[in-house]
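Have a look at the structure below before the remarks.
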Amino acid sequence: MSTQIIAFANNKGGSGKSTSCSSVAAALAKQGKRVLCIDGDMQMNLTLSFFDEEQAFSFNRSEYNTYTLLVKDAPVTECIRKTPYENIDVLPSSALMSGVEYELFTKWQRESVLRNALDALRKEGTYDYILIDAPPMLGCLVLNILVCADWLIIPLEASPWGLFGLANMFDFVENVKKINPALRLLGVLVTKADTRKNYFKQTLESLGKLENVHVFEEVIRLDSAIEWAQDNSKPVVYFRPSSRASKSFEAVAGEIDRLIIENRK
């Protein structure tokens, strides 16, 4: 199977994008897949999932990160950093990403900057999966991320506000398909779920009414292991492998692998 690029995106903040992206990456890596994580958010949460603050902020100040890749045409291979974990590399973000919308808007073929930057890397087949953590917005940067992606996963918080803006996300994806018709929604991943609450059931019922939208079988429940993992700058799959969250993300990774194989037949 050729390199598959998966974007984790939702225009609503707090949906668990970074946690889902890093945890799925770790689970895929444990299954023997070669994975590159790309941090597309100025908050650098994905970067901080693999590196401590001192390392992350050294990447922020360097000449090689997501910002310099997009804006200054830095070579992608120079921007990639090895993590302490086998089979996982990270392309770190930068606080300068706060101004990347304007920078991209002024560039030639602005919607394809990231796709062009990753093209050679993808053709080399160095990685089985490239996972991209998108910022909580709908603009030129997220457009870039979805234009270069094969698949989209929408992490969605199981809360009263979780479904807010989902229709806007779907509309945005349809517009992206005019540029990247190969983009496909792999599924909605329900996160931060408290299965005892009524709104959890309401979230599943609402998602069940959507036509042609796959909802992942595994639900990511609230688990303090995730917060402790974040505090220690580690994916929960490595920090506490026996936790409920780790087992859930491993199940999601297996479902992702199966769904992509099935959809490519």
Side-chain angles (χ1 to χ4, degrees), residues 1-10 15-41 43-52 55-56 59 65-66 69 76-77 79-93 114 118 121-122 125-135 145-146 148-155 186-189 191 216 218 220 223 225-241 243-261:
M1 185 170 68
S2 60
T3 300
Q4 300 296 298
I5 301 180
I6 305 175
F8 288 73
N10 188 333
S15 59
K17 292 184 298 298
S18 300
T19 297
S20 298
C21 186
S22 63
S23 300
V24 166
L28 287 169
K30 287 184 74 173
Q31 294 172 11
K33 307 296 183 182
R34 300 162 299 166
V35 184
L36 172 64
C37 292
I38 299 179
D39 193 342
D41 193 345
Q43 297 181 65
M44 303 177 63
N45 288 335
L46 183 65
T47 305
L48 288 164
S49 297
F50 295 97
F51 301 99
D52 62 32
Q55 290 175 299
F59 302 152
N65 50 51
T66 311
L69 176 77
V76 65
T77 53
C79 297
I80 294 171
R81 311 301 172 106
K82 293 289 183 184
T83 73
Y85 311 104
E86 187 177 6
N87 293 327
I88 304 180
D89 294 336
V90 170
L91 205 165
S93 188
L114 184 58
L118 298 180
L121 185 68
R122 182 172 193 167
T126 306
Y127 300 100
D128 297 303
Y129 287 101
I130 297 176
L131 308 185
I132 309 176
D133 182 25
I145 290 170
L146 296 185
C148 81
D150 302 298
W151 311 94
L152 167 64
I153 292 176
I154 303 178
L186 195 59
V188 174
L189 176 62
T191 66
F216 280 90
E218 192 71 22
I220 308 302
D223 190 339
I226 293 175
E227 295 174 345
W228 282 110
Q230 293 169 344
D231 190 53
N232 285 271
S233 298
K234 294 180 179 180
V236 68
V237 174
Y238 289 109
F239 177 74
R240 195 167 293 168
S243 67
R244 181 170 60 187
S246 295
K247 295 183 184 302
S248 291
F249 279 118
E250 287 173 352
V252 171
E255 189 174 352
I256 287 171
D257 213 34
R258 174 176 58 79
L259 285 171
I260 289 178
I261 292 171

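Keep in mind that this is a model prediction, so the values were computed, not measured.
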- Message: Whether Lys33 and Asp257 form a salt bridge (side-chain N of Lys/Arg under 4.0 Å from carboxylate O of Asp/Glu) is what I want to check.
- Response: yes
Pairwise distance [atom1]([X]) to [atom2]([Y]) - rounded to 0.5 angstrom:
{"X": "Asp128", "Y": "Leu28", "atom1": "CG", "atom2": "CG", "answer": "9.0 Å"}
{"X": "Ser49", "Y": "Asp39", "atom1": "OG", "atom2": "CG", "answer": "8.0 Å"}
{"X": "Thr3", "Y": "Arg34", "atom1": "OG1", "atom2": "CZ", "answer": "7.0 Å"}
{"X": "Asp89", "Y": "Arg81", "atom1": "CG", "atom2": "CZ", "answer": "11.0 Å"}
{"X": "Phe51", "Y": "Lys82", "atom1": "CZ", "atom2": "NZ", "answer": "10.5 Å"}
{"X": "Leu189", "Y": "Phe216", "atom1": "CG", "atom2": "CZ", "answer": "6.0 Å"}

- Message: Arg122: which residues meet the salt bridge (Lys or Arg N to Asp or Glu O under 4.0 Å) condition with it, sequence neighbours left out?
- Response: Asp150
- Item | Glu250: partners by salt bridge (Lys or Arg N to Asp or Glu O under 4.0 Å), with sequence neighbours left out | Lys30
Beyond-backbone contact of [X] with [Y], side-chain heavy atoms, under 4.5 angstrom:
{"X": "Leu46", "Y": "Phe8", "result": "no"}
{"X": "Ile226", "Y": "Gln230", "result": "yes"}
{"X": "Lys234", "Y": "Tyr85", "result": "yes"}
{"X": "Leu186", "Y": "Ile260", "result": "yes"}
{"X": "Cys148", "Y": "Ile132", "result": "yes"}
{"X": "Tyr238", "Y": "Thr83", "result": "no"}

Taking [X] for its side chain and [Y] for its backbone only, find out whether a donor-acceptor pair lies under 3.5 Å.
{"X": "Thr191", "Y": "Ser15", "answer": "yes"}
{"X": "Arg240", "Y": "Ala229", "answer": "no"}
{"X": "Thr47", "Y": "Ala56", "answer": "no"}
{"X": "Asp223", "Y": "Ala225", "answer": "yes"}
{"X": "Ser22", "Y": "Thr19", "answer": "yes"}
{"X": "Asn10", "Y": "Pro155", "answer": "yes"}

Sequence neighbours excluded, which residues qualify as side chain to side chain contact (heavy atoms under 4.5 Å, CB included) partners of [X]?
{"X": "Thr66", "result": "Ile38, Leu70, Leu91, Ser93, Met97"}
{"X": "Ser18", "result": "Asn45, Asp133"}
{"X": "Ala9", "result": "Ala134, Leu152, Met169"}

- Message: Please identify which of these residues, Leu121, Asn87, Val35, meets the side-chain contact (heavy atoms from CB on, under 4.5 Å) condition with Tyr127.
- Response: Leu121
- Item | Partners passing ring pair (Phe, Tyr, Trp, His ring centres under 6.0 Å) against Phe239 (at least two apart in sequence or in another chain) | none
- Message: Go through it in stages, so that I can follow the logic: the residues are Ile153 and Ser20, the test is side chain to side chain contact (heavy atoms under 4.5 Å, CB included), and I'd like the CA-CA distance, side-chain angles, deciding distance and then a yes or no.
- Response: CA-CA 9 Å; Ile153 292 176; Ser20 298; over 6 Å; no
